Amino acid sequence: MCGTCGCTDTPTPVPAPRRRTLTPGVSLLGANDRQAQVNREWFDRRRLLAINIVSSPGSGKTTLLEATARHWAGRESSFCVIEGDQHTQRDADRIRAAGALAVQINTGKLCHLEALHVQAALPALDQQQDGVVVIENVGNLICPTHFDLGEHLRVTLLSVTEGEDKPLKYPDSLLGADLLLITKTDLLPHLDFDVQAALGYARSINPDIQILQVNARTREGMAPWLQWLEHQWLAFADEHHSGSAMSRNAPPSDRRY
Amino acid sequence: MHELSLAEHLLTLVDDAARAQGFSRVHRLVLGIGRFSCVDSDTLLHCIHHHCTGSLLDGATICCETREASAECMDCATRFTPDDWPCACPGCGQARVRLLNGRDMILEQLEVS
């Protein structure tokens, strides 16, 4: 008997929600990749060549960018840096002291930059155009390699203190790179680092990768690095000024994964 | 670790699908993980379970299934199934090989109500 009205009707059971199967077919990185493309189009509209620099912590990324900023000063084309670190403003402060605009992104517990981090930095660069933007990723040879930030080029640093077989141990850091910079070459007399082996290992992973050796502290090798950078910028600027550039729908097309 | 970030991305995908498709509970979820993707499936599962407490995925069966890879030699155009990555072309022996698939991480299936 119903406790409310005293009737003897049997309550109608409420049917359980019907189960159904959906097949989304979407990538876990889909949102990041879409934001990366938005970032790339932002850079393209301003004719800013975006370069993502990846390396282990302590390979010399910031020192290289300080030296690059000092050398780039006075040119018609601009040079600025988006700095990625878990904590502190220290790297951005160093770049500013070298004379370039720098925006610091702190990722907290996250070990890599994602496209949304770069998007957050873009308003600070809104007045920039016709130049180079370097994104210095969080020091980490694994996780950053899997996230498109909207860059046009990717550069990997390997310092001579890391061992010549690093390319074999961390192949993804080479597969997705356009240029490998071997850094801290002034330390070679104190190490057993085999430069030729390192070159061979790198090319066994990515036969098309360009490789330079550089020492930002003594400036040895800076000229070829700056020439490479200038060449990339001029080619990019030429594409965009001639109107032939199309914003890529994906990371640089010759990335092998 | 990046698996934690990917678990967060997965939860966002599921929340978006729930709003679009009108469901409030996930019973089972299938992820297709490319053989040479950037994730360790066990770590990803651990991160998903850690992250989904109180979410739509709470209590759901999460399946990570490996999907095979395919590759193509950029020199001789041979297509093959690689046993390892990176690798040389089994046809010409050169190292200029690219993956056609095998790195994807796809939300393939949701059983919902």
Side-chain angles (χ1 to χ4, degrees), chain A residues 15-35 107-117 137-138 140-148 167-176 200-209 251-257, chain B residues 1-14 16-18 20-34 36-40 44 48 69 71-72 74-75 84-89 94-113:
Chain A
R18 189 171 59 87
R19 286 195 185 193
R20 51 198 167 109
T21 299
L22 307 175
T23 54
V26 292
S27 168
L28 297 191
L29 287 175
N32 183 83
D33 290 347
R34 284 190 295 276
Q35 182 59 55
T107 61
K109 294 180 182 177
L110 207 56
C111 55
H112 57 275
L113 288 177
E114 298 190 13
L116 273 179
H117 294 115
N137 217 311
V138 178
N140 179 341
L141 260 188
I142 302 175
C143 307
T145 67
H146 305 296
F147 292 85
D148 181 11
L168 300 179
K169 295 179 186 175
Y170 297 87
D172 285 343
S173 67
L174 274 296
L175 281 168
Y201 292 147
R203 293 198 175 103
S204 74
I205 300 297
N206 184 349
D208 297 325
I209 196 168
S253 59
D254 58 356
R255 197 166 291 166
R256 287 170 52 213
Y257 65 83
Chain B
M1 71 190 83
H2 52 273
E3 283 86 354
L4 191 56
S5 176
L6 292 169
E8 292 176 356
H9 285 294
L10 173 63
L11 195 51
T12 299
L13 284 178
V14 173
D16 289 347
Q21 302 289 338
F23 60 85
S24 57
R25 189 175 167 199
V26 177
H27 302 278
R28 186 170 179 269
L29 177 153
V30 177
L31 289 170
I33 304 296
F36 302 118
S37 76
C38 65
V39 296
D40 175 80
L44 180 60
I48 292 170
E72 178 182 55
M74 296 162 75
D75 285 330
D84 201 359
W85 185 254
C87 66
C89 171
Q94 297 302 307
R96 294 183 74 246
V97 176
R98 67 186 180 108
L99 278 175
L100 299 173
N101 51 55
R103 295 188 71 93
D104 293 331
M105 298 165 287
I106 304 293
L107 173 56
E108 293 185 349
Q109 199 175 93
L110 286 166
E111 192 177 311
V112 304
S113 64

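Proteins come first, then strands; the chains are lettered A, B, ... in the order of their sequence lines, and each starts at number 1. Only a predicted model underlies this, so the values are computations on that prediction, with no experimental measurement involved.
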Checking heavy atoms, do the side chain of [X], its backbone, both or neither come under 4.5 Å from chain B?
X      : value
A/R19  : both
A/P171 : side chain
A/I142 : side chain

- Query: Taking it one step at a time, do B/Q21 and A/L22 satisfy side-chain contact (heavy atoms from CB on, under 4.5 Å)?
  - Reply: CA-CA 9 Å; B/Q21 302 289 338; A/L22 307 175; 3.8 Å; yes
Quick one: [atom1] on [X] to [atom2] on [Y], what's the gap to the nearest 0.5 Å?
X      : Y      : atom1 : atom2 : value
A/N206 : B/R98  : CG    : CZ    : 13.5 Å
A/I205 : B/W85  : CD1   : CH2   : 9.5 Å
A/H112 : B/C38  : NE2   : SG    : 9.0 Å
B/L6   : A/H146 : CG    : NE2   : 9.5 Å

- Could you pull out the closest heavy-atom pair between A/P207 and B/R96, with the gap in Å? CG-CG, 3.3 Å
- Contact leader toward chain B among A/L29, A/V26, A/T21, A/T23, where contacts are heavy-atom pairs under 4.5 Å: A/V26
Answer with side chain, backbone, both or neither: which region of [X] has an atom nearer than 4.5 Å to a non-hydrogen atom of chain A?
X      : answer
B/E108 : backbone
B/L107 : both
B/L4   : neither

- Would you call B/L13 and A/P24 a side-chain contact if the rule is heavy atoms closer than 4.5 Å? no
- Message: Which residue in the set A/L110, A/N32, A/T107, A/L28 passes side-chain contact (heavy atoms from CB on, under 4.5 Å) when paired with B/S5?
- Response: A/L110
- B/F23, CZ: over 12 other non-hydrogen atoms inside 6.0 angstrom: yes
- Message: I'd like to know if the side chain of B/H9 pairs up with that of A/E114 as donor and acceptor (distance under 3.5 Å, no hydrogens or angles considered).
- Response: yes
